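Accompanying notes for the structure given below.
Residue numbers begin at 1 in each chain, while the letters A, B, ... track the order of the sequences. Keep in mind the model is a prediction, meaning the values are calculated, not measured.
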Amino acid sequence: MAELSKQAGKAEAAGQREPILQVRNLVKHFPLTQGLLLKKQVGAVKAVDGISFDLYQGETLGIVGESGCGKSTVAKLLMTLETATSGEVLYKGQDITKLSGRALKAVRRNIQMVFQDPYTSLNPRMTVGDIIGEPFEIHPEVAPKGDRRKRVQELLDVVGLNPEYVNRYPHQFSGGQRQRIGIARGLALNPEIIICDEPVSALDVSVQAQVINLMERLQDEFNLSYVFIAHDLSIVRHISDRVGVMYLGKMAEIGTDAEIYEHPTHPYTQALLSAVPVPDPEAREGRERIILTGDVPSPANPPSGCRFRTRCWKAEDKCAEEVPLLAVPTLYQGKDTPAAHASACHFAEEKPSVVSAA
Amino acid sequence: MTTTEKTEGAAGSAPQDAKKSAPLLDVRDLHVEFKTRDGVAKAVNGVSYSVDAGETLAVLGESGSGKSVTAQAIMGILDSPPGRVAGGEILFHGQDILKLPESERRKLRGPKMAMIFQDALSALNPVFSVGNQLGEMFRVHQGMSKKDAKAKAIELMDRVRIPAAKQRVNDYPHQFSGGMRQRIMIAMAMALEPDLIIADEPTTALDVTVQAQVMDLLAELQREYNMGLILITHDLGVVADVADKIAVMYAGRIVETAPVHELYKRPAHPYTRGLLDSIPRLDHKGQELYAIKGLPPNLLRIPTGCAFNPRCPKAQDVCRADIPALLPVTEQDGTELDGRGSACHFWKETIHG
């Protein structure tokens with residue numbers, strides 16, 4: 001109970017704060033073309049199809065979903081590495097999807113990214129010092145030229161690497177150390193937001209915990225906001241203040257970590273949580289597992305209405321006709337229960353037996 | 001054909017009595033090393049484990065712990081050179097298969113033991129249809145005609161619940177989704193109904209909802225054919241869900257063995273305890289995660305004594321000097337715990353303290 005009221009307090013505090021990043025109806029369609037010379041558009045892969053969420057200062061928003069649900073595309077859109085088809089990404093009230101040139105460059109300084117694979121995201125021909133110092137070449141105002149080497153060494157120290165390693169190459173480091181280098185590069189420009197796309201998935205179990213601890217320490221130290229994209233539900237729960245669940249380009253459910261993990265109301269979230277193997281053999285007898293049939297449909301041709309209906313056990317005719325909106329379910333509206341959080345399902349309801357210790 | 005019958009006869013007749021009591025697969029003190037430019041990497045340093053028919057053994061370990069290399073040595077698909085089996089025995093149905101000539105081992109692979117690989121897309125041949133690849137098992141090992149083999153392939157695809165098997169039998173691997181490809185891999189391994197299946201990270205590349213489907217299928221087929229299953233993984237969650245017993249590997253050695261429930265309740269090795277503690281838990285939210293300090297060792301320079309000692313919170317002088325043997329773990333009063341062993345000088349303190 002104490003935990004719940006604490007959570008509510010946190011949410012309230014978040015409500016008063018101004019969000020640092022507001023995403024409104026973000027859409028990204030990749031065109032499918034036919035023909036070599038006269039490219040005719042024959043359709044589109046609807047990778048991200050109308051997503052909205054807020055990110056507050058100093059918080060971690062976890063985004064979970066299976067491969068192909070569009071979570072990495074969201075990361076690229078937030079970084080403006082891809083141009084959005086439509087929708088807005090408001091950074092402190094300014095729409096960054098419309099920016100270009102100098103204005104975009106200024107904003108980008110404040111939004112940095114840590115990539116999934118520390119083996120391919122570091123240039124093997126550059127020394128660690130060059131990799132971490134490269135952002136200073138683009139944004140020279142952050143560190144004057146004579147000061148850079150010292151800054152790089154400070155950054156290495158901050159992420160727990162020996163500052164004397166500046167002249168080494170990436171291949172001389174292990175996976176966990178490389179991810180620390182990636183994080184140091186992300187921190188170089190003192191950003192306010194760091195987008196982490198599966199930052200620990202490629203690491204060994206015993207090293208994952210080290211990197212997660214580092215990220216949490218840095219968040220406290222520099223008051224960073226994280227968008228933490230991952231498919232490992234237990235790690236997302238550990239690090240996130242709020243969690244959004246994505247399915248096929250749409251947000252299925254979003255709420256605080258306790259709301260999502262203990263009181264999921266969307267059938268997809270319930271299935272996802274129940275499918276996670278729990279590292280406790282005692283638990284395997286007691287819990288109900290929902291095993292979904294089939295695969296995720298193609299985002300080039302998503303089902304009408306609710307996108308999850310083809311695999312959902314609750315699906316009715318209404319689900320094929322009407323797209324469910326991401327809102328607090330009518331069942332729980334105005335009620336003071338943790339189930340009262342946004343869920344994009346016509347028949348959103350708690351299912352107590354699937355809640356696990358994930 | 002005659003040679004096949006002969007080997008089967010030889011395998012069956014020699015240890016006829018032993019066959020009932022001996023386990024299906026018994027690996028004894030296996031050593032595997034790789035020659036590299038920088039020296040000899042000792043990937044497996046004296047691994048012993050056994051699997052019975054119908055039993056699931058999970059081999060748990062990080063990358064470089066030697067879990068996959070052990071499996072490759074059992075299957076006889078080790079890259080050699082540079083790899084070579086430097087010592088030990090692998091008894092399959094009581095017979096040491098390391099002593100068999102390559103032509104005989106080839107006859108074991110498929111009909112007697114089979115392997116499921118992690119990455120189905122690179123394990124399947126992209127230029128042959130899946131029906132062709134599934135049928136190959138029957139054509140090569142049983143001399144079936146192309147037509148019969150294809151019919152068998154459809155039957156197999158049905159059994160692993162690939163929808164519309166008849167229409168899809170001529171499709172190529174890239175036309176299937178990740179989960180479906182893994183099903184094809186499973187079908188291929190099951191084709192000749194082997195006694196032993198080795199699954200090397202079968203679901204690591206898959207999404208959780210698909211992972212659950214595939215693991216369920218694997219467990220069901222195992223029950224149906226009463227096969228021995230070796231499941232190689234680094235995921236403590238997957239292990240808890242399906243295994244009967246667990247062997248935890250570190251730097252080419254087994255550091256702990258235990259029945260699945262026991263291991264999670266009371267680990268008897270600091271490494272196992274560290275792995276379990278580093279899983280994020282509900283009641284630890286907002287706190288720092290427990291992290292095993294340091295990195296897994298370089299196999300060219302395995303630390304002296306216990307390989308885990310540089311990372312171990314309990315390490316004493318004896319850990320840096322002597323390699324701990326895998327000894328049976330007992331209760332405080334000395335009663336033996338069935339199937340439990342720990343290779344730690346201080347297992348008593350770890351489990352009871």
Side-chain angles (χ1 to χ4, degrees), chain A residues 3 6 64-69 173-177 203-214 216-217 231-241 257-258 261-262 268 271-284 289-296 298 311 356-358, chain B residues 60-65 161 163 176-180 203 205-213 215-216 233-243 246 259-265 271 274-296 298 311:
Chain A
E3 200 202 4
K6 205 179 87 197
V64 293
E66 298 179 277
S67 52
C69 72
F173 294 90
S174 70
Q177 289 174 319
L203 305 178
D204 268 323
V205 195
S206 73
V207 181
Q208 276 187 0
Q210 295 174 1
V211 174
I212 292 287
N213 284 341
L214 170 71
E216 288 199 297
R217 184 169 60 79
H231 66 267
D232 186 326
L233 291 156
S234 55
I235 284 181
V236 168
R237 167 151 215 194
H238 180 82
I239 200 168
S240 302
D241 301 306
D257 67 299
Y261 283 84
E262 280 161 38
Y268 177 62
L272 197 64
L273 287 174
S274 84
V276 176
V278 178
D280 174 11
E282 306 285 300
R284 79 171 161 190
R289 297 187 73 171
I290 306 165
I291 296 197
L292 293 176
T293 49
D295 288 308
V296 183
S298 160
R311 299 172 81 192
S356 65
Chain B
L60 189 75
E62 297 180 275
S63 49
S65 62
R161 292 197 286 273
F176 290 85
S177 68
M180 286 300 150
T203 56
L206 304 176
D207 284 318
V208 264
T209 56
V210 180
Q211 186 178 326
Q213 297 170 4
M215 286 314 301
D216 253 36
T233 182
H234 66 266
D235 188 327
L236 286 152
V238 170
V239 173
D241 267 4
V242 297
I246 301 185
V260 67
H261 287 255
E262 290 278 317
L263 185 97
Y264 285 83
K265 231 186 283 164
Y271 176 62
L275 281 184
L276 288 172
D277 285 349
S278 62
I279 301 169
R281 268 170 212 277
L282 251 184
D283 42 332
H284 292 166
K285 192 177 158 71
Q287 298 170 25
E288 216 171 74
L289 278 178
Y290 176 80
I292 302 176
K293 61 180 185 184
L295 303 166
N298 183 332
R311 306 178 74 189

Original post:
So, A:Y261 side chain and A:S234 main chain: donor-acceptor pair closer than 3.5 Å or not?
Top reply: no
Original post:
Quick one: of B:D235, B:V238, B:L263, B:L276, who has the most non-hydrogen atom pairs under 4.5 Å with chain A?
Top reply: B:V238
**OP:** Measure distances from A:S240 to the heavy atoms of chain B and classify the residue's part below 4.5 Å as side chain, backbone, both or neither.
**Re:** backbone
**OP:** Measure A:I291 against the heavy atoms of chain B and call it side chain, backbone, both or neither at under 4.5 Å.
**Re:** side chain
Subject >> Which atoms of A:S67 approach chain B - backbone, side chain, both or neither, heavy atom under 4.5 Å >> reply: both
**OP:** Check whether A:R311 gets within reach of chain B through its side chain, its backbone, both or neither, counting any heavy atom under 4.5 Å.
**Re:** side chain
**OP:** Report yes if some heavy atom in the side chain of B:S278 is under 4.5 Å from a heavy atom in the side chain of A:Q210; otherwise report no.
**Re:** no
Original post:
Who among B:P296, B:G274, B:G294, B:S63 has the most heavy-atom pairs with chain A under 4.5 Å?
Top reply: B:S63
Original post:
Going by an N to O cut-off under 4.0 Å, is there a salt bridge joining B:D241 and A:R289?
Top reply: yes
**OP:** List for me each residue that meets side chain to side chain contact (heavy atoms under 4.5 Å, CB included) alongside B:Y290, sequence neighbours excluded, and say none if there are none.
**Re:** B:D277, B:I292, B:P313
Subject >> A:L292, part contacting chain B, at a heavy-atom distance under 4.5 Å >> reply: both
Original post:
With a 4.5 angstrom heavy-atom cut-off, which part of A:Q177 approaches chain B: side chain, backbone, both or neither?
Top reply: side chain
Original post:
Taking the side chain as C-beta and beyond, is there a heavy-atom pair between A:H238 and A:I212 under 4.5 Å?
Top reply: yes
Subject >> Side chain / backbone / both / neither for B:R311 at chain A, heavy atoms under 4.5 Å >> reply: side chain
Subject >> Donor-acceptor under 3.5 Å (B:E62 side chain, B:H234 main chain) >> reply: no
Original post:
In chain order, what residues pass the side chain to side chain donor-acceptor pair (under 3.5 Å) check against A:E66, with sequence neighbours excluded?
Top reply: A:Y268, B:T209
